[in-house]
Number of protein chains: 2
Amino acid sequence: MDGLTINDAAQTTGWSPRMLRYIERSGLVVPRRSASGYRLYGPEQLQRLRTLRELLRSFQIGLGDVGFARRLRREPRLSAAVTGWLEADAVRPAHVAADDWLSFEQDKHERLLVAAGRVNS
Amino acid sequence: MDGLTINDAAQTTGWSPRMLRYIERSGLVVPRRSASGYRLYGPEQLQRLRTLRELLRSFQIGLGDVGFARRLRREPRLSAAVTGWLEADAVRPAHVAADDWLSFEQDKHERLLVAAGRVNS
DNA sequence: GGAACATTGACACGCATGTGTTAGGGTTGG
DNA sequence: CCAACCCTAACACATGCGTGTCAATGTTCC
């Protein structure tokens with residue numbers, strides 16, 4: 001009963017029907033289905049779609065970026081590995097001698113990848 | 001003096017010289033330059049390049065993803081906006097009545113976007 | 001000074017993303 | 001029952017990413 005069908009949802013959110021299906025396939029906004037398989041968008045989802053539009057526009061990012069951000073929140077090991085890699089940019093700790101820097105870095109990276117539990121060869 | 005030139009760096013890191021230039025342009029690993037403009041890769045950078053390779057491979061992500069993760073750490077407003085959007089997926093707080101859920105969500109989104117300080121129309 | 005390397009810039013190609021459109025076939029509602 | 005909607009699948013096209021390669025030119029070093 002309640003829930004807009006795809007064309008109406010498109011109308012009120014500014015997306016095209018085509019894009020609503022695409023966004024659904026990307027997993028970002030997945031509407032429920034009617035008995036006969038029609039997509040039904042509830043009010044929260046309409047709001048989410050509008051906000052998503054604004055998000056992408058105002059930060060010039062893509063759906064893939066939002067998807068990746070979601071992966072980061074859901075996969076702590078991914079998050080830890082990426083964060084660790086990025087932090088290797090940080091300033092060298094004062095208590096680490098210059099000659100030890102490399103092995104320090106190497107160890108840190110190894111710890112991170114091990115912590116990330118890579119199963120691959 | 002110390003620092004490998006691009007071909008040697010490529011050799012020991014598993015990247016191609018082409019990709020090292022590409023990675024530099026993406027801002028992820030930027031070597032210093034010799035007086036005459038040659039790229040010089042230091043030990044930390046070589047290590048970072050190896051680790052980057054491992055990172056991309058073991059999590060099936062791309063350079064763009066790592067770049068986006070970096071943006072997330074550097075742009076708190078982006079981070080807040082994305083996080084906020086993703087959290088709208090979370091379970092509805094028990095103290096918020098169902099009828100208020102939409103306006104709650106809407107307010108939250110507005111607060112987040114305002115906090116994100118979008119200058120755009 | 002010449003072989004072996006570096007630089008930037010460009011052409012190119014395959015694959016993924018974002019988006020429209022069309023085709024063939026169900027569903028709904030007056 | 002028929003117009004107006006929905007569904008999936010597919011063709012199509014622009015753009016961007018990852019990557020190789022080639023051209024024109026400068027640098028290093030024996």
Side-chain angles (χ1 to χ4, degrees), chain A residues 1-42 45-46 48-71 82 85, chain B residues 1-42 45-46 48-71 82 85:
Chain A
M1 254 336 37
D2 86 316
L4 296 198
T5 186
I6 198 172
N7 253 314
D8 296 348
Q11 212 76 25
T12 60
T13 58
W15 293 100
S16 67
R18 176 68 163 86
M19 281 310 292
L20 292 187
R21 299 198 183 93
Y22 187 70
I23 291 170
E24 175 179 14
R25 209 153 40 87
S26 85
L28 292 179
V29 176
V30 180
R32 65 192 175 79
R33 298 299 187 104
S34 76
S36 57
Y38 284 20
R39 289 173 181 79
L40 293 178
Y41 290 87
Q45 289 170 324
L46 296 174
R48 260 168 85 64
L49 285 170
R50 293 191 200 98
T51 314
L52 178 59
R53 211 169 165 50
E54 199 47 24
L55 188 62
L56 301 194
R57 197 184 61 73
S58 48
F59 292 100
Q60 297 282 324
I61 64 182
L63 294 174
D65 293 324
V66 181
F68 182 67
R70 198 182 37 173
R71 273 194 76 184
V82 172
W85 192 87
Chain B
M1 234 28 342
D2 86 315
L4 295 197
T5 187
I6 198 171
N7 253 314
D8 296 347
Q11 212 74 26
T12 60
T13 59
W15 293 101
S16 66
R18 176 68 165 88
M19 282 311 291
L20 291 187
R21 299 199 182 94
Y22 187 71
I23 290 170
E24 175 180 14
R25 206 154 43 84
S26 85
L28 291 179
V29 176
V30 180
R32 65 191 175 80
R33 297 301 187 102
S34 75
S36 58
Y38 283 21
R39 290 174 182 78
L40 292 179
Y41 291 88
Q45 290 170 324
L46 296 174
R48 260 169 86 63
L49 285 169
R50 293 191 199 99
T51 315
L52 178 59
R53 211 168 165 52
E54 199 46 25
L55 187 61
L56 301 193
R57 196 184 62 73
S58 48
F59 292 99
Q60 297 282 325
I61 65 183
L63 294 174
D65 292 324
V66 181
F68 183 67
R70 198 182 40 171
R71 274 194 75 185
V82 173
W85 192 88

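All values below come from the heavy atoms of this structure, side chains included, with hydrogens, waters and symmetry mates left out. Lettering of chains follows the sequences in order, A, B, ..., and the numbering in each one begins at 1.
Proximity of B:S16 to the phosphate of D:dG20: a side-chain N or O atom is located under 4.0 Å from OP1 or OP2. Under 4.0 angstrom from either OP1 or OP2 of D:dC6 there lies no side-chain N or O belonging to A:R39. Distances shorter than 4.0 Å separate none of the side-chain N or O atoms of A:S36 from OP1 or OP2 on C:dG26. Within the 4.0 Å cut-off from OP1 or OP2 of C:dT8, at least one side-chain nitrogen or oxygen of B:R33 is found. Dashed line: the shortest gap from a side-chain N or O of A:R18 to OP1 or OP2 of D:dA10 is not under 4.0 Å. Side-chain N/O atoms of A:T5 include one lying less than 4.0 angstrom from OP1 or OP2 on D:dC6.
As a whole-Å value, the separation of A:L40 CG from D:dC5 C1' is 13 Å. Remark: P of C:dT7 and CZ of B:R32 are 13 Å apart, rounded to the nearest angstrom. The interatomic distance linking A:E24 (CD) with C:dG18 (P) rounds to 15 Å, in whole Å. The interatomic distance linking A:L20 (CG) with D:dC6 (P) rounds to 11 Å, in whole Å. Atom CD of B:Q11 and atom C1' of C:dA6 are 15 Å apart (whole Å). The CG-C1' distance, from A:N7 to C:dG20, rounds to 14 Å in whole Å. Across the protein-nucleic acid pair, A:R57 atom CZ and C:dT19 atom P stand 14 Å apart, rounded to whole Å. Here the C1' atom of nucleotide D:dG18 and the CG atom of B:L49 are 16 Å apart, to the nearest Å.
Side-chain contact between A:R48 and A:L28 is absent, with no heavy-atom pair separated by less than 4.5 Å.
With DNA chain D read from its 5' end, the first of the two nearest nucleotides for A:I6 and B:D65 is the one closest to A:I6. The 5' end of DNA chain C is approached more closely, in terms of each residue's nearest nucleotide, by A:W15 than by the other of A:W15 and A:A35.
At a threshold of 4.0 angstrom between heavy atoms, the contacts of A:R21 include nucleobase atoms, whether or not backbone atoms are also involved.
The one candidate from A:L20, A:T13, A:L49, A:L46 that meets the side chain to side chain contact (heavy atoms under 4.5 Å, CB included) condition with A:V29 is A:L49.
Judged purely by atom type and a 3.5 angstrom limit, A:R50 has no side-chain atom pairing as donor or acceptor with the backbone of A:G14.
Under a 4.0 Å N-O distance rule, the pair B:R39/B:D8 does not qualify as a salt bridge.
Each of C:dC5, C:dT19, C:dG18 was ranked by its minimum atom distance to the side chain of A:L63; first place goes to C:dG18.
With hydrogens and angles left out, the side chain of A:Y38 and the base of C:dG26 share a donor-acceptor pair within 3.5 Å.
Nearest heavy-atom pair across B:D65 and A:F68 is O-CE2, 3.2 Å.
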